[in-house]
Amino acid sequence: MRYAADPHDLLRWYDAHARALPWRVSPADRAAGVHPDPYRVWLSEVMLQQTTVAAVKAYFERFTTLWPTVGDLAAAPDAQVMGEWAGLGYYARARNLLKCARVVAEDHGGTFPDTHAGLMALPGIGPYTAAAIAAIAFDRPEVVVDGNVERVMARLHDIHTPLPKAKPELTEAAAHLTPETRPGDYAQAVMDLGATICTPKSPACGICPWMAPCAARRAGTAADLPRKTPKKPKPTRLGYAYVARRSDGAWLLEERPDSGLLGGMLGWPGSDWNNAPDPAPPLSADWHMIDAEARHTFTHFHLRLRILVAEVPNDTPPERGAFHPHHSFRPAHLPTVMRKVFDLAQGALADTI
DNA sequence: CATCCGTGGGC
DNA sequence: TGCCCAAGGAT
(Lines give C-alpha, C1' and ligand atoms only; values in the text may rest on other atoms or scores of the structure.)
Protein backbone atom coordinates (compact mmCIF):
# COMPACT_ATOMS: atom_id res chain seq x y z
CA MET A 1 0.00 0.00 0.00
CA ARG A 2 1.15 3.53 -0.69
CA TYR A 3 0.36 4.85 2.80
CA ALA A 4 -0.74 3.17 5.98
CA ALA A 5 -4.10 4.37 7.28
CA ASP A 6 -3.67 6.44 10.44
CA PRO A 7 -6.29 6.10 13.18
CA HIS A 8 -5.53 9.66 14.27
CA ASP A 9 -6.65 10.99 10.88
CA LEU A 10 -9.98 9.30 11.51
CA LEU A 11 -10.20 10.65 15.07
CA ARG A 12 -9.52 14.16 13.78
CA TRP A 13 -12.38 13.74 11.32
CA TYR A 14 -14.61 12.34 14.10
CA ASP A 15 -13.91 15.36 16.33
CA ALA A 16 -15.37 17.58 13.60
CA HIS A 17 -18.14 15.36 12.18
CA ALA A 18 -19.35 12.96 14.91
CA ARG A 19 -23.08 12.32 14.77
CA ALA A 20 -25.04 13.47 17.82
CA LEU A 21 -26.85 10.36 19.09
CA PRO A 22 -29.01 9.95 22.22
CA TRP A 23 -26.72 7.29 23.73
CA ARG A 24 -23.46 8.94 22.79
CA VAL A 25 -21.06 11.21 24.70
CA SER A 26 -19.68 13.71 22.16
CA PRO A 27 -15.91 13.69 21.60
CA ALA A 28 -15.71 17.17 23.17
CA ASP A 29 -17.55 16.06 26.31
CA ARG A 30 -15.51 12.87 26.44
CA ALA A 31 -12.31 14.91 26.30
CA ALA A 32 -13.66 17.03 29.17
CA GLY A 33 -13.93 13.92 31.32
CA VAL A 34 -17.57 12.89 30.82
CA HIS A 35 -18.03 9.12 30.88
CA PRO A 36 -20.81 7.23 29.11
CA ASP A 37 -23.37 5.34 31.21
CA PRO A 38 -22.60 1.62 30.62
CA TYR A 39 -26.32 0.84 30.88
CA ARG A 40 -27.14 3.18 28.03
CA VAL A 41 -24.19 1.95 25.97
CA TRP A 42 -25.30 -1.66 26.46
CA LEU A 43 -28.95 -0.91 25.68
CA SER A 44 -28.07 0.99 22.51
CA GLU A 45 -25.66 -1.70 21.30
CA VAL A 46 -28.24 -4.46 21.72
CA MET A 47 -30.89 -2.40 19.95
CA LEU A 48 -28.46 -1.58 17.13
CA GLN A 49 -27.68 -5.24 16.38
CA GLN A 50 -28.66 -5.58 12.70
CA THR A 51 -30.90 -2.54 13.13
CA THR A 52 -30.64 1.00 11.75
CA VAL A 53 -29.96 4.06 13.89
CA ALA A 54 -33.17 5.65 12.57
CA ALA A 55 -35.26 2.74 13.81
CA VAL A 56 -33.54 2.56 17.20
CA LYS A 57 -33.80 6.19 18.31
CA ALA A 58 -37.45 6.21 19.39
CA TYR A 59 -37.14 2.82 21.12
CA PHE A 60 -34.06 3.94 23.01
CA GLU A 61 -35.79 7.11 24.24
CA ARG A 62 -38.85 5.10 25.29
CA PHE A 63 -36.87 2.43 27.14
CA THR A 64 -34.64 4.88 29.01
CA THR A 65 -37.66 6.98 29.98
CA LEU A 66 -39.53 3.95 31.31
CA TRP A 67 -36.41 2.36 32.84
CA PRO A 68 -33.59 4.84 33.61
CA THR A 69 -31.32 2.23 35.22
CA VAL A 70 -30.55 -1.45 34.73
CA GLY A 71 -32.23 -2.10 38.07
CA ASP A 72 -35.45 -0.51 36.81
CA LEU A 73 -35.36 -2.66 33.70
CA ALA A 74 -34.60 -5.80 35.72
CA ALA A 75 -37.73 -5.18 37.80
CA ALA A 76 -40.03 -4.69 34.80
CA PRO A 77 -42.67 -7.31 33.90
CA ASP A 78 -41.69 -9.54 30.96
CA ALA A 79 -44.86 -8.76 29.02
CA GLN A 80 -44.31 -5.01 29.23
CA VAL A 81 -40.74 -5.24 27.96
CA MET A 82 -41.73 -7.53 25.09
CA GLY A 83 -44.57 -5.18 24.23
CA GLU A 84 -42.29 -2.15 24.17
CA TRP A 85 -39.85 -4.05 21.94
CA ALA A 86 -42.59 -4.91 19.44
CA GLY A 87 -41.78 -3.65 15.96
CA LEU A 88 -38.01 -3.63 16.46
CA GLY A 89 -37.58 -7.27 15.43
CA TYR A 90 -35.23 -10.09 16.45
CA TYR A 91 -37.22 -10.68 19.61
CA ALA A 92 -34.65 -12.99 21.19
CA ARG A 93 -32.80 -9.73 21.85
CA ALA A 94 -35.59 -8.56 24.15
CA ARG A 95 -35.72 -11.85 26.04
CA ASN A 96 -31.93 -11.81 26.48
CA LEU A 97 -32.06 -8.11 27.39
CA LEU A 98 -34.23 -8.90 30.39
CA LYS A 99 -32.13 -11.93 31.36
CA CYS A 100 -28.99 -9.79 31.17
CA ALA A 101 -30.50 -6.92 33.18
CA ARG A 102 -31.51 -9.33 35.92
CA VAL A 103 -28.08 -10.98 36.08
CA VAL A 104 -26.40 -7.57 36.30
CA ALA A 105 -28.86 -6.37 38.94
CA GLU A 106 -28.82 -9.50 41.07
CA ASP A 107 -25.32 -10.97 40.59
CA HIS A 108 -23.28 -7.81 39.91
CA GLY A 109 -24.95 -5.29 42.19
CA GLY A 110 -26.28 -3.30 39.24
CA THR A 111 -22.82 -2.65 37.79
CA PHE A 112 -21.83 -3.92 34.35
CA PRO A 113 -18.59 -5.93 34.02
CA ASP A 114 -15.83 -3.77 32.51
CA THR A 115 -13.94 -6.49 30.65
CA HIS A 116 -14.54 -8.28 27.36
CA ALA A 117 -14.67 -11.68 29.07
CA GLY A 118 -16.99 -10.47 31.80
CA LEU A 119 -19.37 -8.96 29.26
CA MET A 120 -19.26 -12.02 26.99
CA ALA A 121 -20.61 -14.12 29.85
CA LEU A 122 -23.89 -12.18 29.80
CA PRO A 123 -26.96 -13.21 27.75
CA GLY A 124 -27.28 -11.49 24.37
CA ILE A 125 -23.71 -10.15 24.43
CA GLY A 126 -21.42 -11.70 21.81
CA PRO A 127 -17.91 -10.86 20.57
CA TYR A 128 -18.91 -7.61 18.85
CA THR A 129 -21.13 -6.20 21.60
CA ALA A 130 -18.67 -7.10 24.35
CA ALA A 131 -15.87 -5.31 22.48
CA ALA A 132 -18.07 -2.30 21.74
CA ILE A 133 -19.17 -1.87 25.37
CA ALA A 134 -15.64 -2.40 26.71
CA ALA A 135 -14.28 0.19 24.29
CA ILE A 136 -17.04 2.81 24.41
CA ALA A 137 -18.08 2.59 28.07
CA PHE A 138 -14.73 1.64 29.64
CA ASP A 139 -12.17 2.94 27.12
CA ARG A 140 -10.50 -0.41 26.66
CA PRO A 141 -8.52 -0.94 23.42
CA GLU A 142 -10.72 -3.78 22.16
CA VAL A 143 -10.87 -4.72 18.49
CA VAL A 144 -14.44 -3.83 17.52
CA VAL A 145 -15.50 -5.62 14.33
CA ASP A 146 -19.00 -5.03 13.01
CA GLY A 147 -20.42 -4.69 9.51
CA ASN A 148 -19.04 -1.16 9.18
CA VAL A 149 -15.53 -2.21 10.15
CA GLU A 150 -15.65 -5.18 7.76
CA ARG A 151 -16.66 -2.89 4.90
CA VAL A 152 -14.06 -0.21 5.71
CA MET A 153 -11.25 -2.76 6.10
CA ALA A 154 -12.20 -4.62 2.92
CA ARG A 155 -11.94 -1.33 1.03
CA LEU A 156 -8.81 0.01 2.73
CA HIS A 157 -6.94 -3.17 1.75
CA ASP A 158 -8.94 -4.00 -1.41
CA ILE A 159 -9.78 -7.44 -0.07
CA HIS A 160 -11.91 -9.43 -2.53
CA THR A 161 -12.41 -12.54 -0.43
CA PRO A 162 -16.16 -12.88 0.10
CA LEU A 163 -17.75 -12.73 3.56
CA PRO A 164 -17.97 -14.59 5.84
CA LYS A 165 -14.72 -16.29 4.74
CA ALA A 166 -12.92 -12.92 4.84
CA LYS A 167 -13.75 -12.36 8.51
CA PRO A 168 -10.30 -13.41 9.91
CA GLU A 169 -8.24 -11.18 7.61
CA LEU A 170 -10.63 -8.26 8.13
CA THR A 171 -10.35 -8.71 11.90
CA GLU A 172 -6.55 -8.80 11.59
CA ALA A 173 -6.62 -5.56 9.62
CA ALA A 174 -8.89 -3.96 12.22
CA ALA A 175 -6.63 -5.11 15.07
CA HIS A 176 -3.62 -3.54 13.38
CA LEU A 177 -5.36 -0.14 13.31
CA THR A 178 -7.01 -0.04 16.74
CA PRO A 179 -5.27 2.70 18.78
CA GLU A 180 -4.30 2.55 22.46
CA THR A 181 -5.55 6.11 22.91
CA ARG A 182 -9.26 6.98 22.63
CA PRO A 183 -10.34 3.45 21.63
CA GLY A 184 -13.96 4.26 22.43
CA ASP A 185 -14.05 7.31 20.19
CA TYR A 186 -12.17 5.36 17.52
CA ALA A 187 -14.75 2.56 17.51
CA GLN A 188 -17.56 5.07 17.12
CA ALA A 189 -15.58 6.97 14.48
CA VAL A 190 -15.32 3.89 12.23
CA MET A 191 -19.06 3.35 12.58
CA ASP A 192 -19.77 6.98 11.67
CA LEU A 193 -17.42 6.69 8.71
CA GLY A 194 -19.26 3.57 7.54
CA ALA A 195 -22.66 5.17 8.07
CA THR A 196 -22.01 8.52 6.40
CA ILE A 197 -19.07 8.19 3.95
CA CYS A 198 -17.91 4.59 3.45
CA THR A 199 -21.49 3.52 2.77
CA PRO A 200 -22.47 0.21 1.12
CA LYS A 201 -23.60 1.88 -2.10
CA SER A 202 -21.96 4.87 -3.80
CA PRO A 203 -19.40 5.68 -1.09
CA ALA A 204 -18.33 9.34 -0.85
CA CYS A 205 -14.62 8.63 -1.36
CA GLY A 206 -13.91 12.22 -2.34
CA ILE A 207 -14.44 13.49 1.21
CA CYS A 208 -13.11 10.45 3.11
CA PRO A 209 -10.43 11.08 5.76
CA TRP A 210 -8.87 7.78 4.68
CA MET A 211 -8.97 8.50 0.96
CA ALA A 212 -5.18 8.56 0.51
CA PRO A 213 -4.37 5.13 1.98
CA CYS A 214 -7.47 3.36 0.55
CA ALA A 215 -6.49 0.60 -1.90
CA ALA A 216 -10.03 0.14 -3.22
CA ARG A 217 -10.26 3.86 -3.93
CA ARG A 218 -7.13 3.58 -6.10
CA ALA A 219 -8.35 0.39 -7.77
CA GLY A 220 -11.86 1.74 -8.36
CA THR A 221 -13.41 -1.23 -6.58
CA ALA A 222 -14.75 0.46 -3.43
CA ALA A 223 -18.43 0.27 -4.39
CA ASP A 224 -18.12 -3.49 -5.05
CA LEU A 225 -16.65 -4.35 -1.63
CA PRO A 226 -17.01 -6.24 0.54
CA ARG A 227 -17.98 -9.21 -1.61
CA LYS A 228 -20.53 -11.59 -0.12
CA THR A 229 -21.45 -15.17 -0.85
CA PRO A 230 -24.83 -15.21 -2.64
CA LYS A 231 -27.84 -15.96 -0.47
CA LYS A 232 -30.50 -18.57 -0.98
CA PRO A 233 -33.89 -17.62 -2.43
CA LYS A 234 -36.74 -17.29 0.09
CA PRO A 235 -39.59 -19.79 -0.10
CA THR A 236 -43.19 -18.64 0.36
CA ARG A 237 -45.20 -20.15 3.21
CA LEU A 238 -48.93 -20.08 3.78
CA GLY A 239 -50.78 -19.89 7.09
CA TYR A 240 -54.08 -19.06 8.78
CA ALA A 241 -54.84 -16.60 11.57
CA TYR A 242 -58.02 -16.37 13.68
CA VAL A 243 -59.14 -12.97 14.95
CA ALA A 244 -62.00 -13.12 17.45
CA ARG A 245 -63.59 -10.01 18.91
CA ARG A 246 -65.85 -10.38 21.91
CA SER A 247 -69.03 -8.27 22.26
CA ASP A 248 -67.33 -6.18 24.97
CA GLY A 249 -64.49 -5.37 22.55
CA ALA A 250 -61.91 -7.82 23.93
CA TRP A 251 -59.55 -9.55 21.46
CA LEU A 252 -58.43 -13.18 21.60
CA LEU A 253 -54.63 -13.36 21.64
CA GLU A 254 -52.06 -16.02 22.37
CA GLU A 255 -48.55 -15.76 23.80
CA ARG A 256 -46.16 -17.50 21.45
CA PRO A 257 -43.64 -20.07 22.72
CA ASP A 258 -40.47 -18.58 24.22
CA SER A 259 -38.23 -19.93 21.47
CA GLY A 260 -38.50 -19.72 17.71
CA LEU A 261 -40.02 -17.13 15.42
CA LEU A 262 -41.58 -14.16 17.28
CA GLY A 263 -40.81 -16.07 20.49
CA GLY A 264 -42.41 -14.64 23.61
CA MET A 265 -44.57 -12.20 21.65
CA LEU A 266 -48.34 -11.89 21.46
CA GLY A 267 -50.06 -13.10 18.30
CA TRP A 268 -53.31 -14.34 16.83
CA PRO A 269 -54.02 -18.05 17.22
CA GLY A 270 -53.63 -20.00 13.99
CA SER A 271 -51.73 -22.57 12.00
CA ASP A 272 -47.99 -23.16 12.06
CA TRP A 273 -47.47 -21.53 8.62
CA ASN A 274 -46.29 -24.75 7.00
CA ASN A 275 -48.81 -24.58 4.17
CA ALA A 276 -51.17 -26.85 6.09
CA PRO A 277 -54.84 -26.37 5.36
CA ASP A 278 -57.34 -24.92 7.79
CA PRO A 279 -56.27 -25.74 11.38
CA ALA A 280 -58.68 -26.08 14.29
CA PRO A 281 -60.14 -22.70 15.37
CA PRO A 282 -59.27 -21.46 18.88
CA LEU A 283 -62.95 -21.43 19.75
CA SER A 284 -66.29 -22.42 18.23
CA ALA A 285 -67.80 -19.52 16.29
CA ASP A 286 -69.20 -18.41 12.95
CA TRP A 287 -65.85 -17.75 11.23
CA HIS A 288 -65.57 -15.71 8.04
CA MET A 289 -62.52 -15.75 5.78
CA ILE A 290 -61.90 -12.16 4.72
CA ASP A 291 -60.87 -11.21 1.18
CA ALA A 292 -57.50 -9.65 1.93
CA GLU A 293 -54.55 -11.68 3.20
CA ALA A 294 -51.59 -10.38 5.19
CA ARG A 295 -48.27 -10.50 3.37
CA HIS A 296 -45.02 -10.25 5.24
CA THR A 297 -41.39 -11.09 4.58
CA PHE A 298 -39.17 -12.49 7.31
CA THR A 299 -35.43 -13.04 7.17
CA HIS A 300 -35.66 -16.38 5.40
CA PHE A 301 -39.18 -16.74 3.95
CA HIS A 302 -42.19 -14.89 2.59
CA LEU A 303 -45.48 -15.39 4.42
CA ARG A 304 -49.06 -15.16 3.19
CA LEU A 305 -51.57 -15.27 6.03
CA ARG A 306 -55.24 -15.96 5.38
CA ILE A 307 -57.43 -14.30 7.98
CA LEU A 308 -60.61 -15.57 9.58
CA VAL A 309 -62.71 -13.25 11.77
CA ALA A 310 -65.62 -13.79 14.19
CA GLU A 311 -67.78 -11.82 16.60
CA VAL A 312 -68.42 -13.86 19.75
CA PRO A 313 -70.59 -13.34 22.86
CA ASN A 314 -69.09 -12.32 26.19
CA ASP A 315 -69.44 -15.77 27.77
CA THR A 316 -67.37 -17.58 25.13
CA PRO A 317 -64.49 -19.60 26.66
CA PRO A 318 -61.50 -19.97 24.30
CA GLU A 319 -59.73 -23.29 23.79
CA ARG A 320 -56.52 -21.44 22.98
CA GLY A 321 -55.20 -18.07 24.14
CA ALA A 322 -56.87 -15.45 26.31
CA PHE A 323 -59.09 -12.45 25.74
CA HIS A 324 -57.41 -9.08 26.16
CA PRO A 325 -59.76 -6.26 27.25
CA HIS A 326 -60.31 -3.47 24.77
CA HIS A 327 -58.87 -0.82 27.12
CA SER A 328 -55.53 -2.58 27.64
CA PHE A 329 -54.99 -3.89 24.10
CA ARG A 330 -52.31 -2.01 22.14
CA PRO A 331 -51.82 -3.04 18.49
CA ALA A 332 -48.38 -1.40 18.70
CA HIS A 333 -47.38 -4.11 21.18
CA LEU A 334 -47.81 -6.77 18.49
CA PRO A 335 -45.01 -7.86 16.15
CA THR A 336 -45.48 -6.29 12.75
CA VAL A 337 -46.99 -9.27 10.95
CA MET A 338 -49.61 -9.58 13.70
CA ARG A 339 -50.36 -5.87 13.51
CA LYS A 340 -50.92 -6.23 9.76
CA VAL A 341 -53.42 -9.00 10.48
CA PHE A 342 -55.15 -6.80 13.05
CA ASP A 343 -55.48 -3.88 10.64
CA LEU A 344 -57.08 -6.08 7.98
CA ALA A 345 -59.34 -7.94 10.43
CA GLN A 346 -60.52 -4.77 12.11
CA GLY A 347 -61.45 -3.28 8.74
CA ALA A 348 -63.38 -6.41 7.81
CA LEU A 349 -65.20 -6.50 11.15
CA ALA A 350 -66.12 -2.83 10.85
CA ASP A 351 -67.64 -3.50 7.42
CA THR A 352 -69.90 -6.23 8.76
CA ILE A 353 -71.55 -4.03 11.42
C1' DC B 1 -19.92 -23.68 10.29
C1' DA B 2 -24.69 -23.10 8.56
C1' DT B 3 -29.10 -21.80 9.91
C1' DC B 4 -32.44 -19.27 12.29
C1' DC B 5 -34.08 -14.96 13.70
C1' DG B 6 -37.56 -8.97 11.99
C1' DT B 7 -38.10 -4.82 10.27
C1' DG B 8 -38.40 -0.49 7.54
C1' DG B 9 -36.11 2.31 4.19
C1' DG B 10 -33.65 3.00 -0.16
C1' DC B 11 -33.19 2.23 -4.89
C1' DT C 1 -42.02 -4.51 -7.05
C1' DG C 2 -38.35 -7.07 -5.41
C1' DC C 3 -34.03 -7.12 -3.52
C1' DC C 4 -30.45 -5.26 -0.52
C1' DC C 5 -29.15 -3.61 3.54
C1' DA C 6 -28.27 -2.20 9.05
C1' DA C 7 -23.65 -1.23 15.41
C1' DG C 8 -24.99 -9.89 15.55
C1' DG C 9 -26.10 -13.70 18.79
C1' DA C 10 -27.53 -18.36 19.82
C1' DT C 11 -27.55 -22.94 18.56
Side-chain angles (χ1 to χ4, degrees), chain A residues 19 21-24 40-60 82 85-97 99-100 119-137 142-152 163-165 167-168 171 174 184 186-196 198-203 223-224 226-237 256-265 267 273 295-303 332 334-340:
Chain A
R19 289 177 294 173
L21 299 171
W23 47 84
R24 173 177 286 178
R40 293 167 66 89
V41 173
W42 163 72
L43 180 61
S44 67
E45 287 300 337
V46 173
M47 286 184 166
L48 286 162
Q49 288 166 6
Q50 297 290 288
T51 309
T52 58
V53 165
V56 164
K57 277 182 178 172
Y59 284 84
F60 180 84
M82 299 307 290
W85 195 276
L88 201 54
Y90 284 140
Y91 298 100
R93 291 185 296 171
R95 300 192 301 273
N96 285 329
L97 190 81
K99 286 184 193 170
C100 181
L119 289 159
M120 276 283 288
L122 296 169
I125 298 182
Y128 161 74
T129 304
I133 297 172
I136 297 169
E142 300 291 340
V143 181
V144 181
V145 183
D146 70 326
N148 288 302
V149 176
E150 291 176 348
R151 184 169 61 256
V152 171
L163 285 168
K165 188 184 176 187
K167 182 95 175 175
T171 300
Y186 172 77
Q188 296 176 94
V190 184
M191 293 174 197
D192 278 20
L193 186 73
T196 64
C198 198
T199 52
K201 298 168 188 170
S202 43
D224 303 320
R227 294 180 56 190
K228 296 186 178 180
T229 54
K231 51 187 66 173
K232 295 180 181 178
K234 300 175 197 258
T236 297
R237 298 188 193 171
R256 299 174 60 82
D258 206 42
S259 64
L261 193 69
L262 310 181
M265 300 298 290
W273 306 350
R295 293 188 174 222
H296 191 76
T297 298
F298 293 98
T299 310
H300 52 295
F301 66 94
H302 304 286
L303 177 66
L334 297 174
T336 298
V337 64
M338 298 299 176
R339 188 176 46 72
K340 288 181 180 177

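Chain naming here is simple, since letters A, B, ... match the order of the sequence lines and numbering starts at 1 in each. The analysis underlying the following values was restricted to heavy atoms, covering all of them including side chains, and did not include hydrogens, waters or symmetry mates.
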Distance check: side-chain N/O of [X] vs OP1/OP2 of [N], anything under 4.0 Å?
X: A:R95; N: C:dA10; result: no
X: A:H300; N: B:dC4; result: no
X: A:Q49; N: C:dG8; result: no
X: A:Y90; N: C:dA6; result: no

Take the protein atom [atom1] of [X] and the nucleotide atom [atom2] of [N], then report the distance between them rounded to whole Å.
X: A:W42; N: C:dG9; atom1: CH2; atom2: P; answer: 14 Å
X: A:E150; N: C:dA6; atom1: CD; atom2: C1'; answer: 12 Å
X: A:L261; N: C:dT11; atom1: CG; atom2: P; answer: 16 Å
X: A:L48; N: C:dG9; atom1: CG; atom2: P; answer: 12 Å
X: A:K231; N: C:dG2; atom1: NZ; atom2: C1'; answer: 13 Å
X: A:L97; N: B:dG6; atom1: CG; atom2: P; answer: 15 Å
X: A:K234; N: C:dC5; atom1: NZ; atom2: C1'; answer: 11 Å
X: A:M265; N: B:dC5; atom1: CE; atom2: P; answer: 15 Å

Using the side chain to side chain contact (heavy atoms under 4.5 Å, CB included) criterion, which residues pair with [X]? Sequence neighbours excluded.
X: A:R227; answer: A:H160, A:P162, A:L225
X: A:T299; answer: A:Y90
X: A:S202; answer: none
X: A:H302; answer: A:K234, A:T236, A:T297

Under 4.0 Å between any heavy atoms, over every strand shown, what does [X] touch: base, sugar-phosphate, or nothing? Just pick one.
X: A:L88; value: base
X: A:T129; value: sugar-phosphate
X: A:V53; value: base
X: A:W23; value: base

Q) In terms of the nearest nucleotide of DNA chain C, which residue is placed more toward the 5' end: A:L122 or A:L21? A) A:L21
Q.
Heavy-atom nearest nucleotide on DNA chain C for A:P226 versus A:P123: which residue maps closer to 5'?
A. A:P226
Measure all distances between protein nitrogen or oxygen atoms and nitrogen or oxygen atoms of nucleotides 8-11 of chain B, and list the pairs falling under 3.5 Å.
unit_1 : atom_1 : unit_2 : atom_2 : d
B:dG8  : OP1    : A:T336 : OG1    : 3.4

Q.
Can you tell whether the side chains of A:D192 and A:R24 come within less than 4.0 Å, N to carboxylate O?
A. yes
Could you tabulate the donor-acceptor pairs under 3.5 Å formed by side-chain atoms of residues 119-134 of chain A, not counting sequence neighbours?
unit_1 : atom_1 : unit_2 : atom_2 : d
A:Y128 : OH     : A:E45  : OE1    : 2.8
A:T129 : OG1    : A:Q49  : NE2    : 3.0

Q) Can you tell if the side chain of A:T51 reaches within under 4.5 Å of the side chain of A:L88, non-hydrogen atoms only? A) yes
**Q.** Student check: side-chain heavy atoms of A:Q188 and A:R19 closer than 4.5 Å
**A.** no
Out of [options], whichever nucleotide has its closest atom nearest the side chain of [X]:
X: A:P200; options: C:dC5, C:dG8, B:dC5; result: C:dC5
X: A:N96; options: B:dT7, B:dC5, C:dA10; result: C:dA10
X: A:Y91; options: B:dG6, C:dA6, C:dA10; result: B:dG6
X: A:Y128; options: C:dC5, C:dG9, B:dT7; result: C:dG9

Provide a list of protein-nucleic acid N or O atom pairs under 3.5 angstrom, restricted to nucleotides 1-3 of chain B.
unit_1 : atom_1 : unit_2 : atom_2 : d
B:dT3  : OP1    : A:K232 : NZ     : 2.6

Q | ring pair (Phe, Tyr, Trp, His ring centres under 6.0 Å) between A:F298 and A:H300, intermediate numbers included | A | CA-CA 6 Å; A:F298 293 98; A:H300 52 295; 7.7 Å; no
Q.
Going by salt bridge (Lys or Arg N to Asp or Glu O under 4.0 Å), name the residues that satisfy it together with A:K167, two or more places apart in sequence or in a different chain.
A. A:E150
**Q.** Residues forming a salt bridge (Lys or Arg N to Asp or Glu O under 4.0 Å) with A:R339, sequence neighbours excluded
**A.** A:D343
Q) Considering only the P atoms, how many Å lie between C:dG9 and B:dG8, rounded to the nearest integer? A) 22 Å
